[in-house]
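Taking it in order: structure first as structure tokens, then the write-up.
Every number for a ligand or one of its atoms is a count from 1 in the order of the listing. For the single chain, residues carry numbers from 1 onward in sequence order.
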Amino acid sequence: MAFLNMSVSGLAAKTRKKEIGCVEALKQSLDLIKKEDSSLHSFISVQEKEALERAEMLDSLPDERRKQMPLFGVPVAVKDNICTQGVETTCGSRMLRGFKPPYNAAAVEMLLDAGAVIVGKTNLDEFAMGSSTETSDFGPTRNPADRERIPGGSSGGSAAAVGAGLVPAALGSDTGGSIRQPCSHCGVAGLKPTYGRVSRYGLVAFASSLDQIGPMASDVRDLGLVLSVISREDKRDSTCAGKPFREPDDLYSGDIRGLRIGLPREYFGDGLSDEVRRPLMETLQRLKDAGAEAVDISLPNVSFAIAVYYIICTAEASSNLARYDGVKYGYRDLNSSSLTDMYSETRRQGFGAEVKRRIMLGTYVLSSGYYDAYYLKAAKVRTLIRNDFSNAFEKCDVLMSPVTPSPAFRIGEKVNDPLQMYLTDIYTVSANLAGIPALSVPCPFAGKLPVGVQLMAPHWREDTLLRSAFAVQEMKA
Ligand code: GLN
């Protein structure tokens, strides 16, 4: 369900021409949130007052200024691990309850420059560690398609908010699938850009060599629009490549004749449910009918992807999360009598079980004696996985695969079984390890529960992804 049945660009065209006021559009979003979000819980906080002030300011701007703002008056939700100046940014953790960053993330700055209105901050797995949005200290988010089920994670709040039509677009972050998985489960489109496309300045770090911020929306075309806004060069992130995405003119022609679609054999083996396989095969057939060519591909090293990912991401997390010591940010235990007690009590009380598990795993794989066996080995296999993709893209333009092995599972089903939870990431983590762009587009042939189609392309080829995804979106079921 799209916000007011409009795309982001459709809404911005109307607000720019004053056919809809920015305040009016925002109030629609706020009303929907009040009505729906008590049962969904997609937001951790809603900035009603600040958003209204901003929408009023935008309504007073002259035409020339409006024309320069591609997201003029568009209400946007932001995952709560992306810093917003003066607005609580919690990462879904007790550790950061009450933390108000003194600055905006680069992506947020760029949204604001483009005329967007930040409505609120969305729920997530604690520090973005999870695949279901159940590890949030604020309680789980529910799936708009079935409230007994998880929305996917970790950007579950953003996906549920867009999926329920509360906002037309949202930002998420994707370290190992956290944009694509919840989008797949909530029937929304979402894009993880090429590593280095979007500045990570102000994104609370989980695993810095994997994290990327990306857009989530109802319409594939809005992903391109929002990406072109948030991908400006930014010197404050040394890994930001300074390659802003520009939408080519014919991007959404729907013409995919001659497109070579690679099907990685390893992604269609055992463990893939029929509820996902069947609609994907139907999609492939339709793409072939429209003139695309299917290519059989092998990615021989992706069977190691989960192991490699969970070594690298925990190693990086253990280092990144060392900063939460009760001194500099957020929560502090006030009852300890010594400094070291204060450190350990703060971390014991401030972090949840999944975060602690990852810090311990990460510390272990980096410790002397184990570093070579685990971390170094994983770093090497990561290169092999990256090479698998480079080889594949000599034979095809885009890879098509499932996003998750099955549609959304029930709340509580896997939360006490970390290994089962980690295995749901099997199809998404490789794109992060390789740094390539990947998206999830709703499959038009899914059954009762939404299912996404994953597309992956070579570095910097988001255009190929969007072109192919648009063809999927426009198929008539
Ligand atoms: N589910 C993966 C994990 O738990 C990915 C999380 C993410 O992309 N932030 O690490």
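If you check the side chains of Ser173 and Lys79, you find a donor sitting under 3.5 Å from an acceptor.
Ring centroids of Tyr201 and Tyr103 are separated by less than 6.0 Å, placing the two rings close together. Residues Tyr364 and Tyr374 bring their aromatic ring centres within 6.0 Å.
Ligand 1 has a nitrogen or oxygen under 3.5 angstrom from a nitrogen or oxygen of Gly130. Taking only nitrogen or oxygen atoms, main chain and side chain alike, Asp174 does not reach within less than 3.5 Å of ligand 1. Residue contacts with ligand 1: Ser178 is placed with a nitrogen or oxygen under 3.5 Å of a nitrogen or oxygen of the ligand (distance criterion only). An N or O contact shorter than 3.5 Å links Gly176 to ligand 1 by distance. Below 3.5 Å of separation, one finds an N or O of Ala128 facing an N or O of ligand 1.
Not a single heavy atom of Gln181 sits closer than 4.0 Å to an atom of ligand 1. A heavy-atom separation below 4.0 Å is found between Tyr310 and ligand 1.
The aromatic rings of Tyr267 and Tyr427 sit tilted relative to each other, their planes meeting at an angle between 30° and 60°. Ring geometry for Tyr329 against Phe99 counts as perpendicular: the plane angle is over 60°, on a 0 to 90° scale with 30° as the lower cut.
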Working for side-chain hydrogen bond (donor to acceptor under 3.5 Å, both in side chains), residues Gln454 and Arg180: CA-CA 8 Å; Gln454 177 167 238; Arg180 290 160 285 159; 2.7 Å; yes

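With respect to atom 2 (C) of ligand 1, the closest heavy atom belonging to the protein is Asp425 OD2, 3.1 Å. Ranking the protein heavy atoms by distance from atom 5 (C) of ligand 1 puts Tyr309 OH, 3.3 Å first.
Counting the atoms of ligand 1 from 1 in the order shown, those under 4.0 Å from a heavy atom of Ser154 are 9 (N).
Remark: Lys235 engages Glu233 in a salt bridge, criterion side-chain N to carboxylate O under 4.0 Å. Contact check on Arg347 versus Asp333 returns no salt bridge, with no Lys/Arg side-chain nitrogen under 4.0 Å from an Asp/Glu carboxylate oxygen.
Taking only non-hydrogen atoms, the option from Glu354, Arg180, Arg358 nearest to atom 4 (O) of ligand 1 is Arg358.
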